[in-house]
2 protein chains.
Amino acid sequence: MAESAADTGAAAGQAEGGCPAVPERLLAAATRLFADRGFERTSVQELVDAAGVTKGAMYHYFASKEDVLFAVFRRVLATQMRNLDAFAAAEGPVAERLRAAAVDVVESTVANLDDMVIYFRSLHVLSYERQDQVREERRVYQDRFRALIEEGQRERVFRSDVPADMVASQYFGAVNHLGMWYRPDGELGGSEIGGYYADLLLAGLRP
Amino acid sequence: MAESAADTGAAAGQAEGGCPAVPERLLAAATRLFADRGFERTSVQELVDAAGVTKGAMYHYFASKEDVLFAVFRRVLATQMRNLDAFAAAEGPVAERLRAAAVDVVESTVANLDDMVIYFRSLHVLSYERQDQVREERRVYQDRFRALIEEGQRERVFRSDVPADMVASQYFGAVNHLGMWYRPDGELGGSEIGGYYADLLLAGLRP
DNA sequence: GAGGATATCGAACAGTAGTTCGATCTCATC
DNA sequence: GATGAGATCGAACTACTGTTCGATATCCTC
């Protein structure tokens, strides 16, 4: 996708010292408001008020309100691409690698909970083109995870009577749903939940 | 909650023969449009056009647009209460009962996919009061499922080193997320997916 | 200092949307 | 036939919203 004004402007508009650039402030405000209230229930006026700028400034960096939302999606996709690289680079027994990946998927989701809430609740807001693109990139992430399961099945470390795709869908479903109930101030942290989720996954895959 | 005009009017407004009453038509149209396009991206005008009435008629039966949405939520909650009754009434070894419940949760979700999509994507649209109420009732459903797991843990049929709450959350997360990817015309039906999901759940709970 | 580019403002524009309300129609009861 | 209640219509009301645009400020280069 073509670099937006927001991406190029972020460097150019960077303020000296503590005050972040206007695009960063807009994205931070957008993340909070879109997660708390929803994309549609957040007006452009409320968004720029929260960012401390005006609508003209926002439209200088972003082509539309949807473009702001899409910038959040790009950030989510960038995060998961970095995680994917970590999956691909890992070494060791496949069960260990799957376990580590499973924990990491949960920890990453919990660390970026607002982003994940926005992602799953607002996907339908995007144009069909952008939806397809986003789903495709998310698919790559989940497919890499599935490939680990398949590797384990080939090595007979995991059972083979359940399609790897089904296992990956079940696990990612559980993780993607964390945004609906997980609370940072709850009893369990991301690592603990990740530990349980990974353990249940691996136990379910025993031959 | 007080019976709305829609509930009382549904009987009174029932047409002779094939044409359903206005409230039913409104709910059917609302379900399709809210699932396909989202609650906010569906105008009242579009909704009543799809139902074949006018806005005045809609407001005769429903206090507001949100009230129409809430009627969909009430239907979801009614469905799960019926399912809950089935859980509670079941007999036999706990592993069998959990497996049957696990399959049923998936099958019920798949059978009411539009409702589930609307439920999870639009919960934030409801007032805080209604959100609390809806979450509380959904909680009862999930808690009953968790009670089965705990019963199995007490009987040492299931492992006890993972909190039953965590298991239930993981499973329900996976099921609740079906709305994001499951397609009725896909390779697998609800029963098959339910079978795999239940199998993975039971396998993960082996002592 | 002049000139050009970028950043930012905020009023105006061009609509859209949820809800209300007066009018009319239909049906049932007396 | 008269009356009353419920059902339904659709224009009007009362807002609100996303986007544009002309003006101004700031910064950098020459």
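These numbers were taken from a predicted model, which means no experiment stands behind them. Numbered from 1 within each chain, the chains take letters A, B, ... in sequence-line order.
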Side chain of Thr54(A): nearest nucleotide among dC9(C), dA7(C), dA7(D)?
dC9(C)
Regarding the side chain of Val53(A), the nearest nucleotide among dT19(C), dC9(C), dA7(D) is dC9(C)
Heavy-atom pair with the smallest gap, counting every atom of Ile118(B) and Ala35(B)
CG1-N, 3.6 Å
Just how far, in rounded Å, is C1' of dC21(C) from CE of Met58(B)?
15 Å
Can you work out whether Thr42(A) or Gly56(A) has the more 5'-proximal nearest nucleotide on DNA chain D?
Thr42(A)
Please report, rounded to the nearest Å, how far the C1' atom of dA17(C) is from the CZ atom of Phe39(B).
12 Å
Nearest-nucleotide pick for Tyr61(B), side chain only, options being dA7(D), dT17(D), dT8(C):
dA7(D)
Let me know the distance between OH of Tyr59(A) and P of dG22(D), rounded to the nearest Å.
17 Å
Kindly say whether the aromatic ring centers of His177(B) and Phe172(A) come within a distance under 6.0 Å.
no
His60(A) side-chain N/O to dT8(C) phosphate OP1/OP2 under 4.0 Å:
no
Whole angstrom value for the distance that separates P of dG10(C) from CD of Gln45(A)
10 Å
How close or far is atom P of dG18(D) from atom CD of Glu40(B), stated in whole angstroms?
12 Å
Give a yes or no answer on whether the side chain of Arg121(A) reaches the backbone of Phe34(A) with a donor-acceptor pair at less than 3.5 Å.
yes
Nearest whole angstrom, please: distance from the P of dC9(C) to the CG of Leu47(A).
13 Å
Ala57(A) has a side chain; which of dT8(C), dA12(C), dG10(D) sits nearest to it?
dT8(C)
In this structure, how many angstroms lie between the C1' atom of dA17(C) and the NZ atom of Lys65(B), rounded?
8 Å
Carboxylate-amine/guanidinium proximity below 4.0 Å for Asp104(A) and Arg82(A):
no
note: Lys55(B), atom NZ; dG22(C), atom C1'; distance rounded to Å ~ 16 Å
Name the residue closer to the 5' end of DNA chain D, choosing between Ala63(A) and Glu46(A) according to the nucleotide with the nearest heavy atom.
Glu46(A)
In terms of relative ring orientation, are Phe145(A) and Tyr171(A) parallel, tilted or perpendicular, with 30° and 60° separating the classes?
parallel
